[in-house]
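To keep things clear, I will list the structure first and then write my remarks on it.
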Amino acid sequence: RYLQLPGGPDAVETITVREHLARDRCDDPSLPLVLLTLHPGYAAGSYQERDYFELLTPLLFQACWKRCRLRILTINHAGYDHPPGDEIDRFRLEPYSMPGQPLVINRVLRQLLQEDFAAEDQILLVAYGHSMGGVALAQADLRQLVKELSRDGRELCTQKILSAPAFALSREAHKSLGRLNVLQALKDSVGRLPLYDPVAKGLFRSIAPMLYRRDAARYSLNPNDSFIDFRQYDPFLLLKQGRELLRQDRDLEQLAALMDGAHLFILDGDLMVDSQRLLRAAYYANSNGSTVSVQRITAPHNAERERPHLIAERLHRVIMGTIGN
């Protein structure tokens, strides 16, 4: 579904929202409604009939069967899974930048709650952000959303889950993504030549799979994961977001403020993110009046695909603990 968002000429206008469908959907109105929104990481999300979270969601539907009415939506980042024929201008990428992602999340959630779920008087919104999606979600103001959308007789409760948020990349990831600066310099120097666009995209789609397979193990990624298809990605968008990930630079106090009130999933097998820095920030938060619920999970960075049963178990625990079942 292509969700049209109101905004000015420089705002993102279209976001792809994909609903995960249960084999047997539970629509018993006596059960609480749980809306689970999934916010993917860098080079993840959806495309065509595939979704990064496709292995996770069937487990959640099964675990929550007849205990709640569970609806699950992947909210893609701007520029991911965009409509056919909707080309991205490589010289106008600001609308797709990481700093704009939290605002887009708030706009999408507000529209969903005001339109698709407007008839519901009680909703538990569980927002789950993985990696880059965790960075965006941490900055999305769900508390303000609750204030805006609550009304007489309507109750909106929220839970925010940050899974391996990419606030702090590992040293190896920094080194690898640092090579993107060379590609940016090339784009700046010859990017307006007529043949640059097709040549750059062709090289990306032929070389990227080889480089990914070569370096995947270094970052606890699975090179054989059938989801990865570099033909589906816009290299200029990935170039911009990869360089933005490199520039993430927040001290412990800032990280603690962003994590306040959230569940933090630390993946002990994660070689992409500096988990120790995240843990220090969570400890700092809990020592200075904030509340961060830390859950450690033995899994690699892409745990939603490599260990989906573990993530489903923890998500189920958060949902059931909130609705009181």
Side-chain angles (χ1 to χ4, degrees), residues 36-42 75 77 97-106 109 124-148 156-174 177 219-220 241-304 310-311 314-315 317-319 321-322:
L36 172 61
T37 60
L38 304 173
H39 306 269
Y42 179 68
I75 298 178
H77 298 297
S97 66
M98 285 184 61
Q101 290 173 358
L103 178 59
V104 170
I105 288 175
N106 277 344
L109 291 177
L124 167 60
L125 169 64
V126 179
Y128 178 93
H130 165 68
S131 197
M132 184 179 76
V135 175
L137 181 60
Q139 299 171 83
D141 193 348
L142 300 190
R143 292 169 179 166
Q144 180 62 32
L145 196 65
V146 170
K147 291 180 182 178
E148 291 178 9
L156 174 63
C157 177
T158 64
Q159 292 283 1
K160 183 183 289 189
I161 302 173
L162 312 177
S163 177
F167 285 118
L169 298 179
S170 69
R171 187 173 301 176
E172 284 296 321
H174 254 281
L177 286 175
Y219 311 116
S220 66
Q241 292 178 340
R243 295 180 73 238
E244 289 174 336
L245 281 170
L246 280 173
R247 294 195 292 268
Q248 295 289 315
D249 184 23
R250 294 178 173 86
D251 59 28
L252 292 184
E253 185 174 356
Q254 292 170 322
L255 288 176
L258 288 170
M259 294 178 182
D260 184 25
H263 300 265
L264 176 64
F265 286 8
I266 295 290
L267 309 177
D268 286 333
D270 193 347
L271 303 179
M272 178 69 75
V273 172
D274 187 347
S275 296
Q276 291 304 312
R277 180 166 175 76
L278 296 179
L279 282 170
R280 288 196 296 273
Y283 177 78
Y284 180 91
N286 288 328
S287 300
N288 289 275
S290 298
T291 303
V292 181
S293 172
V294 178
Q295 300 191 39
R296 302 187 69 160
I297 303 172
T298 303
H301 184 68
N302 288 347
E304 297 81 6
L310 295 180
I311 300 298
R314 301 304 176 95
L315 271 169
R317 191 181 303 174
V318 171
I319 292 171
T322 307

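For His130, the ring-ring contact (aromatic ring centres under 6.0 Å, His included) test picks out Tyr52, His301, with sequence neighbours left out. Every residue two or more places apart in sequence or in another chain was checked for a salt bridge (charged side-chain N to carboxylate O under 4.0 Å, His left out) with Glu253, and none qualifies.
The two residues Pro102 and Gln139 come nearest to each other via the heavy atoms CG-CB, 3.5 Å. The minimum heavy-atom distance linking His77 with Ala136 is given by the pair CE1-CB, 4.4 Å. Shortest non-hydrogen contact noted between Ala127 and Leu137 is O-CD2, 3.3 Å. Leu162 approaches Gly134 most closely through the heavy-atom pair CD2-O, 3.5 Å. Nearest heavy atoms, Ala256 versus Ala281: CB-O, 3.8 Å. Ala166 approaches Leu169 most closely through the heavy-atom pair CB-CD2, 4.1 Å.
Here the CZ atom belonging to Arg277 is positioned 5.0 Å from the CG atom belonging to Leu252, to the nearest 0.5 angstrom. Within the model, atoms CG of Leu125 and CD of Gln159 stand 9.5 Å from one another, a figure rounded to the nearest 0.5 Å. In this structure, CG on Leu145 lies 6.5 Å from CG on Leu156, to the nearest 0.5 angstrom. Remark: Leu36 CG to Tyr128 OH distance equals 9.5 Å, nearest 0.5 Å. Atom CD of Glu304 and atom OG of Ser163 lie 4.5 Å apart (nearest 0.5 Å). One finds the CD atom of Gln276 at 11.0 Å from the CG atom of Asp270 (value rounded to the nearest 0.5 Å).
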- Query: Are Gln101 and Glu244 close enough, and set up right, to give a side-chain contact (heavy atoms from CB on, under 4.5 Å), and what steps lead you there?
  - Reply: CA-CA 12 Å; Gln101 290 173 358; Glu244 289 174 336; 5.9 Å; no
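Looking only at side-chain heavy atoms (C-beta outward), Ile75 and Leu109 come within less than 4.5 Å of each other. No side-chain heavy atom of Asn302 sits less than 4.5 Å from a side-chain heavy atom of Met272.
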Can I get a per-line list of side-chain donor-acceptor pairs under 3.5 Å for residues 288-295, giving both atom names and the distance, sequence neighbours left out?
from   : atom 1 : to     : atom 2 : distance (Å)
Asn288 : ND2    : Tyr284 : O      : 2.7
Gln295 : OE1    : Arg314 : NH1    : 3.3

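When Val273, Leu245, Asp274, Leu255 are each tested for a side chain to side chain contact (heavy atoms under 4.5 Å, CB included) with Phe167, only one passes: Leu255.
Ser170 places a side-chain N or O within 3.5 Å of a backbone atom of Leu271 that can act as its donor or acceptor partner.
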